[in-house]
Structure formats: C-alpha cells, structure tokens
Amino acid sequence: MSTNFLAIESSCDETSIAIFTDDLTIRANVVASQTELHARFHGVVPEVAARAHMQQLLPTMDEALRQANLKLADIGAVVVLNSPGLVGALLVGVSAAKMLALTLDVPLLSANHIEAHIYAARMAAGRDIFPCVGLVVSGGHTSLFHCKSALDFDLLGGTIDDAAGEAFDKVATILGLGFPGGPAVEREAASGDPKAHAFPRSFLKEDRLAFSFSGLKTAVLYAIHGVGKTKGPVPSPGKPRADQAASFQQAVVDVLVAKARQALRQTGLKRLAIGGGVSANRVLQAALETMAQREKVELFIPPMMLCTDNAAMAAIAVEKWHKQMWAPLDLDAVPNYLGKN
Ligand code: KG4
Ligand code: ZN
C-alpha cells in the first residue's frame with residue numbers, strides 16, 4: 001500500500017497544501033494566493049503574509065483532504081518546506097507541520113524550497129532527471145546548481161543583487177503594470193519590440209556564473225524618465241511602454257539562457273531543469289528550448305502550476321523518506337538558503 005504525504009508551503013505569499021504518494025502521484029495541490037492583499041504595496045509585506053498563512057492554512061488543508069478524498073488518519077508522513085523564505089511566514093507552516101506529525105504519530109520531513117523548485121521538473125517528467133544543471137528563477141532567487149541527485153545539490157552561482165523575479169516585479173511597478181509583475185510584464189511585452197532598447201546584460205562575457213539585475217532596473221528607469229532621473233510620471237499604455245517591457249524581458253532572458261548554457265558547458269552535463277515563478281515565462285521557455293536543441297541537451301520545464309510556489313514540489317522529501325531521514329521536532333524555520341537541507 002502506498003504512503004500518503006501531506007506537504008505544507010508557506011514561505012512567501014502562497015499558502016499551499018499538497019497530498020502526494022510515495023510513487024509521486026499528486027492527489028491534491030491547493031494554492032491559496034495572497035496576491036490581492038499585497039498588490040497595493042507592490043510587494044509582499046512579511047507580517048501581512050504571516051497572518052494570512054495563519055488564517056488560510058487549515059481551510060487549505062481541509063480543501064486538499066477533500067480533493068484527495070482522504071482523512072487526516074490516512075496521512076502517513078508530513079513534509080514542510082522550512083527554508084528559505086520570510087521567517088514569520090515559514091514559522092506558520094513549520095509549527096503546523098510539527099503539531100500534525102506529533103498528533104498523527106507519523107514521520108516529519110523537511111525540504112528546501114529552492115531545491116524543491118527543481119524537483120517540480122522531476123515530478124512533471126515522470127522519470128529521473130538527475131544529474132542535471134538546475135536553474136531556479138524566482139522572486140527571491142536566481143541560482144544555478146549542479147544537481148548530482150535529488151539530495152545532493154552544489155550551488156554553482158547566483159545573483160549578487162536582485163533576483164530575476166524581483167526585477168520583473170520592480171520593472172512592472174516602474175511601468176505602471178500590476179503585481180505580481182512577471183505575468184504583467186510578459187503580457188505587455190507581447191506587443192513590444194525586444195530590440196527597441198539596448199538594456200545591459202551583466203556578466204554576459206565573463207566565465208563567472210553570476211547574475212546582476214539591479215543595473216538593468218535602473219536602465220529601464222532612465223529610459224523612461226531620462227538619464228540620471230529616477231522619478232517622473234508613470235508611463236501610459238502604448239507602443240513605447242510595450243517596447244520597454246519587451247526590451248527588459250529580452251535582456252533578462254538573454255542572460256538566463258547564456259548562463260545556463262555556460263553552466264552546461266562547464267559541468268559537461270546534458271540535462272537542464274528549470275523551476276521557480278519566472279520559469280513560467282513563455283519567452284524564456286522558448287529561448288531555452290532553442291539553446292537546448294543547439295547544445296543537444298534535454299530540457300525539463302514544469303507546467304505552470306508547478307513553476308510557481310506550490311506544496312507538491314515538496315515531494316523531494318520522498319527521497320529522504322526512502323532513507324528514513326526524518327526531521328527533528330525542534331526543526332527550525334531558516335530564512336536564508338544555506339545549501340544542503
Ligand atoms: O517561485 P515563485 O512563485 O515564488 C518565489 O519563490 O519567489 O516566484 C514568484 C516570482 C515573482 O517575482 C513573479 O513576478 C515571477 O515569479 N513570475 C514571472 C512570471 N510568472 C511569475 N516572471 C516572469 N514571467 C512570468 N510569466
Ligand atoms: Zn518559490
């Protein structure tokens with residue numbers, strides 16, 4: 001008989017509960033988004049996020065159990081994504097997971113949110129994807145990994161300032177588009193010319209596997225308000241704004257594709273898996289597909305629902321469960337990515 005896992009994600013602005021089995025079948029993956037609560041602040045407000053998790057977590061769990069047609073007594077293990085993220089938000093999920101594991105008398109497992117984003121590609125593939133290069137592009141991270149196995153990730157490099165998703169969100173605010181910025185910029189860019197502005201592409205010519213997006217954000221500001229000026233009226237809808245969105249998006253895509261290719265060449269690996277909210281971007285996906293074909297590399301992209309934050313990606317912990325790597329009941333919420341978890 002298979003074991004049912006109940007997983008909790010509460011690292012940022014999505015409360016998610018998933019139920020999956022040890023053969024990686026997803027029985028429910030419910031996401032309660034807080035987007036509307038944070039929209040007027042143009043970003044996630046940590047305390048607002050933590051309170052909303054506290055309110056939403058149990059109703060979301062109830063809904064996941066209903067969708068999976070299961071009762072709590074059918075759950076054989078509890079998983080929590082305990083790092084990285086906003087500490088107050090993480091604490092809600094970690095506390096709930098501990099209580100649940102204790103009262104159900106089942107094993108508690110922890111998983112790393114960033115590594116889980118890559119595991120989403122493994123779930124979608126339905127077969128092993130390791131060893132591979134992993135590219136995580138989210139609101140908080142832009143990182144390249146050498147993923148030796150599901151439980152052995154080496155960080156190859158990351159951003160020295162903003163994450164790619166953060167840049168999308170900030171540029172969306174600059175352009176007067178909505179929050180979250182990624183999908184809004186992608187929509188606006190669809191009618192724009194990606195060559196209209198020659199925005200900077202940091203570290204493109206260097207061997208270093210590093211990213212920087214804060215200069216790009218400033219370049220977009222200057223393109224709108226004039227060099228040296230960071231303030232002015234928000235651009236109105238029309239061709240100039242679409243061109244700015246498209247040129248910005250192209251700059252991000254060019255850098256992500258070039259650095260992923262560099263990581264593949266440097267490691268000699270022939271598989272690339274991507275994850276995180278920005279990996280839902282269709283222009284990025286198309287550019288990666290072209291690069292992967294040229295490099296004769298297999299590309300693994302999760303479907304939209306598994307790209308953005310969700311608890312089903314916590315199935316990476318099934319790999320720990322096979323090895324009985326339980327989490328202790330004094331498990332902590334760890335805000336920064338510290339590597340192996
Ligand atoms: O992985 P995720 O859901 O949460 C974090 O772990 O951060 O990523 C959220 C980020 C946001 O910055 C959002 O603007 C971005 O992913 N995003 C996108 C797209 N959809 C979401 N960025 C570019 N294009 C998209 N279609
Ligand atoms: Zn994420």
Side-chain angles (χ1 to χ4, degrees), residues 7-16 18 29 31-35 38-39 41-44 46 49 53 81-86 89-90 93 111-121 134-143 145 158-159 162-175 177-190 192 194 211 213 216-217 245-246 248-257 273-288 301-314 316 335-337 341:
I8 303 178
E9 151 63 24
S10 70
S11 68
C12 191
D13 59 343
E14 256 105 31
T15 314
S16 178
N29 190 17
V31 179
S33 178
Q34 307 173 3
T35 301
H38 301 289
F41 304 107
H42 303 283
V44 179
H53 285 305
L81 293 158
N82 71 316
S83 173
L86 302 168
L90 288 170
N112 185 290
H113 181 103
I114 302 301
E115 298 177 359
H117 267 309
I118 292 300
Y119 202 75
L135 171 65
V136 179
V137 264
S138 69
H141 294 82
T142 305
S143 313
F145 294 94
T159 179
D162 293 352
E166 197 178 349
F168 267 97
D169 293 336
K170 286 179 178 167
V171 165
T173 302
I174 294 168
L175 294 177
L177 303 166
F179 174 82
V185 171
E186 183 175 0
R187 271 194 305 276
E188 181 74 11
F211 302 93
F213 295 108
L216 171 58
K217 176 194 63 193
F248 159 77
Q249 178 174 261
Q250 195 58 49
V252 176
V253 167
D254 285 354
V255 170
L256 293 174
V257 172
I274 65 167
V278 182
S279 64
N281 186 287
R282 305 247 179 251
V283 176
L284 173 64
Q285 292 186 356
L288 285 169
I301 305 177
M304 176 87 89
M305 172 73 189
L306 292 178
C307 283
T308 47
D309 283 352
N310 69 93
M313 66 190 193
I316 191 168
N336 295 320
Y337 180 78
N341 179 21

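In listed order, ligands and their atoms are each counted from 1.
- Counting heavy atoms under 4.0 Å from ligand 1, residue D169 touches it through the side chain alone.
- Near-neighbour remark for the Zn ion (ligand 2): protein N, O or S atoms under 2.8 Å are H113 NE2, H117 NE2, D309 OD1; waters not counted.
- Each of the atoms 1 (O) of ligand 1 lies under 4.0 Å from some heavy atom of G276.
- With a 4.0 Å heavy-atom cut-off, ligand 1 is reached by the side chain of H113 but not by its N, CA, C or O.
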Residue pair V31, D309: steps toward the side-chain contact (heavy atoms from CB on, under 4.5 Å) verdict: CA-CA 8 Å; V31 179; D309 283 352; over 6 Å; no
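- For ligand 1, the atoms sitting less than 4.0 Å from at least one non-hydrogen atom of G140 are 7 (O), numbered in the order shown with element in parentheses.
- Taking the six-membered ring where tryptophan is involved, the planes of F213 and F211 are essentially parallel, since the angle between them stays under 30° and well short of 60°.
- Protein heavy atom at the shortest distance from atom 20 (N) of ligand 1 is G277 O, 3.4 Å.
- Considering backbone and side-chain atoms together, E186 places an N or O closer than 3.5 Å to an N or O of ligand 1.
- With S279 as the fixed residue, the side chain to side chain contact (heavy atoms under 4.5 Å, CB included) test singles out one of T308, L306, I274, L288: I274.
- With a 4.5 Å cut-off on side-chain heavy atoms, L216 and F248 count as touching.
- Closest protein heavy atom to atom 24 (N) of ligand 1: N281 ND2, 3.0 Å.
- The side-chain heavy atoms of N112 and I316, taken from C-beta on, include no pair separated by under 4.5 Å.
- Between E14 and N310, the closest side-chain pair of non-hydrogen atoms is not below 4.5 Å.
- One finds the CZ atom of R282 at 4.5 Å from the CE atom of M304 (value rounded to the nearest 0.5 Å).
- Rounding to the nearest 0.5 Å places NE2 of H38 at 12.0 Å from CG of D169.
- A distance of 8.0 Å separates CD of E9 from CG of L90, quoted to the nearest 0.5 Å.
- In the candidate list G182, S138, C12, G182 is nearest to atom 23 (C) of ligand 1, counting heavy atoms.
- Under a 4.0 Å criterion applied to the non-hydrogen atoms of G139, ligand 1 contributes the atoms 5 (C), 7 (O), 8 (O), 9 (C), 10 (C), 12 (O).
- Counting heavy atoms under 4.0 Å from ligand 1, residue H117 touches it through the side chain alone.
- Distances shorter than 4.0 angstrom do not occur between any heavy atom of Q249 and any atom of ligand 1.
- Between A18 and A312, the closest heavy-atom pair is CB-N, 3.3 Å.
- Note: an N/O pair closer than 3.5 Å links G165 and ligand 1 by distance alone.
- In this structure, CE in M313 is found 11.0 Å from CE in M305, a value given to the nearest 0.5 Å.
- Atoms OG and CD1, from S11 and I114 in turn, are 8.0 Å apart once rounded to the nearest 0.5 Å.
- Looking only at heavy atoms of the protein, atom 5 (C) of ligand 1 is closest to D309 OD2, 3.5 Å.
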